[in-house]
Amino acid sequence: MSETGTQSEAGTADGPRGDAIRGEALGSAPVPLSVLDLVTVGSGSTASRSLATSVELSRLAERRGYHRHWVAEHHSMPGVASSSPAVILAHLAAHTRRIRLGSGGVMLPNHAPLVIAEQFGTLEALAPGRIDLGLGRAPGTDGATAAALRRTDTLHEGADDFPEQLAELTRFLDDDFPDGHRYARIHAVPGPVQGPKGRPPVWLLGSSGFSARLAGLLGLPFAFAHHFSARNTIPALDLYRQSFRPSAVLDAPYTLIGVGALAADDEREAYRQVLTGALSMLRLRTGRPGLIPTPEEAEAYGFSSMEREFADDWLANVVYGTPDAVREGLDELRKRTGADELMLTANVHGGEARLRSYELVADAYAMPRLA
């Protein structure tokens, strides 16, 4: 049976709605809505508080009908606390019962494929039918940190290495190395060697055309990082759809895009919040990473003309404002890209602002409050 047929379209009281890949749009939302979480750490806060906010967010998202909650792998960045997605996902799984949980993504070149197979096999055993394995090709950090992660100065990110790593990981997940292969007697556990079980669907993530084409050729679902690579979104989605070959996983393309989005009770407050994310990204891109600044710090910051241009360009790709304005912006983006699912990320200073935003977006689409 294909992965898209392993669950009922309607879902169950204790399981995710939709199938193993495709979600279900609720209320007036044009497509399923989901959450991308970097576990941001704001100035004056702590990683512990940010992780507690992620639990609150996952519960809120589940209660309001968001389809999935993904956590992204980043390293050596003071403003995020998501360096260990598998650990965070296990914690979220213990506090939820229906929402899909996954990596958006795990950076495959940073890890041995067997390690990822065992981590996500464990997650699948903890939360059967609720785990997604999203994979990226970039290091999720700078080159020096990537070298420390991989214990080598040679960073394997070429056109040949990633497909080989992906193929190896898939064989560990399926426990189907052919006879004679050097790994034929090695089993990822938890896994199929312990008896019939499901396994997490694999997604490819990208911010350019490489993973788009590969996902299409393999017939896998594809997630694009529109929130930081907006100019490449439509070309990459077009390439994925043109390259797509039906597989046992999908009979038609399925696309998800990450979207920077922040709703607030008034437009002024929304701008104050998203400016904190813009300033944080400016500092990161200019070699000055730190905690996410407060709205007051961001408003008082003396932007140079070049810095202001960067911030304005960044904010041009964030959908923010009142709930109605955010709904209209998301609807327009969905029509323009043809995305099958929108994954909203709100990388701003305060946890309360993030939680409020997801609640307001759900209200704007009249999404139901689920038990």
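Note that this is a predicted model, so its numbers are computed, not measured. We count residues from 1, following the sequence as given.
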message: Checking the side chain of Ser243 only, and the main-chain atoms of Tyr240 only, is there a donor and an acceptor separated by less than 3.5 Å?
response: no
field: Exam field: side chain Ser304 to backbone Glu307, donor-acceptor pair closer than 3.5 Å
entry: yes
State, without any angle test, whether [X] and [Y] hold a side-chain donor-acceptor pair at a distance under 3.5 Å.
| X | Y | value |
| --- | --- | --- |
| Asn232 | Ser208 | no |
| His227 | Thr345 | no |
| Arg327 | Ser28 | no |
| Trp70 | Asp132 | yes |
| Glu341 | Tyr254 | yes |
| Asp266 | Tyr271 | no |

- request: Measure from NZ or CZ of Arg137 to the centre of the six-membered ring of Phe210, then state whether that distance is under 6.0 Å and the direction lies within 45° of the axis.
  value: yes
How are the rings of [X] and [Y] set to each other: parallel, tilted or perpendicular (split at 30° and 60°)?
| X | Y | result |
| --- | --- | --- |
| Tyr183 | His181 | tilted |
| Tyr66 | Tyr358 | perpendicular |
| Phe224 | Phe222 | tilted |

message: Taking atom CZ as the centre, does Arg245 end up with more than 12 heavy-atom neighbours from other residues, nucleotides or ligands that are less than 6.0 angstrom away?
response: no
- request: Tell me, yes or no, whether the heavy-atom count around Glu309 atom CD, taken from other residues, nucleotides or ligands under 6.0 Å, exceeds 12.
  value: no
message: Could you check whether any side-chain heavy atom of Arg283 comes within less than 4.5 Å of a side-chain heavy atom of Pro293, counting everything from C-beta outward?
response: yes
message: Just so I know, are the side chains of Leu60 and Arg64 near enough to count as touching, which here means a heavy-atom distance under 4.5 Å?
response: yes
message: Return the CG to CZ distance between Asn347 and Arg354, rounded to the nearest 0.5 Å.
response: 7.0 Å
- line: Closest non-hydrogen contact found for Val80 with Val41 is C-CG2, 4.2 Å
message: Please determine whether a side-chain nitrogen of the Lys or Arg among Arg68 and Glu24 lies less than 4.0 Å from a carboxylate oxygen of the Asp or Glu.
response: no
